[in-house]
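Presented below is the structure to which this report refers.
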Amino acid sequence: MNTNEYLDALAQRRTNYSLDKDIVVSTDRICEIVESATLNTPSAFNSQTARAVILMGEQHDKLWALTRDILATIVPEEKFEPTATKIAGFAAGAGTILYFDDMDIVADLQKQFPTFAENFPLWAMQANAMLQENIWTALTLEGLGVNLQHYNPLIDEQVARTWSIPASWKLLGQMVFGNPTTAPEDKASADIKDRVILHD
């Protein structure tokens, strides 16, 4: 892959909410993508704080059922229908990747390097964000539609209990993927000249 092909792959990565379970990508291939991206995504001090849990099939469905049930206790009943519809859209996908940071590693680094202590949580999140971008782009190249959700911390306790997540892992996001049934919507972009400044 040359540079332009890489940039084109980044441009193809878009949010897609119209998904179903009819994917042709195997579970083994999805695991391969997630493992390779996790192995090769950089992290500050080579801390390797990012963690990923892949939920497929019934486990994916279970995540969105428990999310719906939790939200039903928070959102007023008369306003719950749009929320239920949104959650059903995520459940319609084929799988979800849960992203975590291992905060025990962060805490250990804070002790080892107190001068930078306040930066380690931020650096861990930056590494996790790079991992999410890498996996999202790779899944897109496999022909999958993807969207990223953030129902943490509302679902943290139930997720940890249901999938035996270590206590030190902090949930950061839920990446839903599936077969895209429509093209993603166009996105608005601010003037790039206001976002990238050159001094030479």
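Summarising the local packing, NZ of Lys21 is surrounded by more than 12 heavy atoms from other residues, nucleotides or ligands at distances under 6.0 Å. Applying the 6.0 Å contact sphere to CD of Glu157 captures no more than 12 heavy atoms from other residues, nucleotides or ligands. Taking a 6.0 Å sphere around CD of Glu58, one finds it holds 12 or fewer heavy atoms contributed by other residues, nucleotides or ligands. When the shell of 6.0 Å around CZ of Arg13 is examined, it contains more than 12 heavy atoms from other residues, nucleotides or ligands. A 6.0 Å sphere centred on CZ of Arg195 holds no more than 12 heavy atoms belonging to other residues, nucleotides or ligands. For Met56, the CE atom sits in a packed shell: over 12 heavy atoms of surrounding residues, nucleotides or ligands are nearer than 6.0 Å.
With a 4.5 Å cut-off on side-chain heavy atoms, His60 and Val176 count as touching. Counting heavy atoms from C-beta outward, Leu131 and Thr38 have side chains that approach closer than 4.5 Å. For the pair Ile165/Leu171, no side-chain contact is recorded, criterion being any heavy-atom separation below 4.5 Å from C-beta on. For the pair Val53 and Phe100, the minimum side-chain heavy-atom distance is below 4.5 Å. Considering only heavy atoms from C-beta on, Asp102 stays 4.5 Å or farther from Pro166 through its side chain. Residues Leu63 and Ile155 meet the side-chain proximity criterion, which asks for heavy atoms closer than 4.5 Å. Looking at heavy atoms from C-beta onward, Ile135 lies in side-chain contact with Tyr99 at the 4.5 angstrom threshold. Side-chain contact between Phe177 and Glu142 is absent, with no heavy-atom pair separated by less than 4.5 Å.
The two residues Gly178 and Ile23 make their nearest non-hydrogen contact at C-CG2, 3.5 Å. Here the shortest heavy-atom pairing between Asn134 and Ala37 reads CB-CB, 4.3 Å. Here the closest non-hydrogen pair linking Pro121 and Ala117 is CD-O, 3.5 Å. Listed here is the closest heavy atom pair of Pro180 and Leu19: CA-CD2, 4.1 Å. Contact between Arg161 and Gln158 at its shortest, heavy atoms only, is NH1-OE1, 3.1 Å. In plain terms, the two heavy atoms of Ala9 and Thr137 that are nearest each other are O-CG2, 3.6 Å.
Rounding to the nearest 0.5 Å gives a distance of 5.0 Å between CG of Leu172 and CG of Asn128. Distance CG/Asn152 to CD/Gln174: 5.0 Å, rounded to 0.5 Å. A distance of 14.0 Å separates OH in Tyr17 from OG1 in Thr181, rounded to the nearest 0.5 Å. To the nearest 0.5 Å, the span separating CD1 on Ile33 from CG on Asp28 amounts to 11.5 Å. In this structure, CG on Leu66 lies 12.5 Å from OH on Tyr151, to the nearest 0.5 angstrom. The distance from atom NZ of Lys170 to atom CG of Asp104, rounded to the nearest 0.5 Å, is 13.5 Å.
Linking ILVMFWY residues whenever their side-chain heavy atoms come closer than 4.5 Å, directly or via other members, leaves Leu39 and Leu98 in distinct clusters. No chain of hydrophobic side-chain contacts below 4.5 Å, direct or via other Ile, Leu, Val, Met, Phe, Trp or Tyr residues, connects Met125 to Ile97. In this structure, Leu148 is not a member of the same hydrophobic cluster as Met130, with clusters built from ILVMFWY side-chain heavy atoms closer than 4.5 Å. When the side chains of ILVMFWY residues are joined at heavy-atom separations under 4.5 Å, either directly or via intervening members, Tyr6 and Val146 end up in two distinct hydrophobic clusters. A single hydrophobic cluster is not seen to contain both Met175 and Trp163; linkage of ILVMFWY side chains at heavy-atom distances under 4.5 Å, directly or through other members, places them apart.
The hydrophobic cluster containing Phe116, built from Ile/Leu/Val/Met/Phe/Trp/Tyr side-chain heavy atoms closer than 4.5 Å, also comprises Phe45, Met103, Ile105, Val106, Leu109, Phe113, Phe120, Trp123.
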Taking it one step at a time, do Leu10 and Glu133 satisfy side-chain contact (heavy atoms from CB on, under 4.5 Å)?
CA-CA 9 Å; Leu10 293 181; Glu133 166 73 14; 3.3 Å; yes
Between Arg68 and Phe80, is the side-chain contact (heavy atoms from CB on, under 4.5 Å) condition met? List the steps.
CA-CA 10 Å; Arg68 184 187 187 282; Phe80 187 65; 3.7 Å; yes
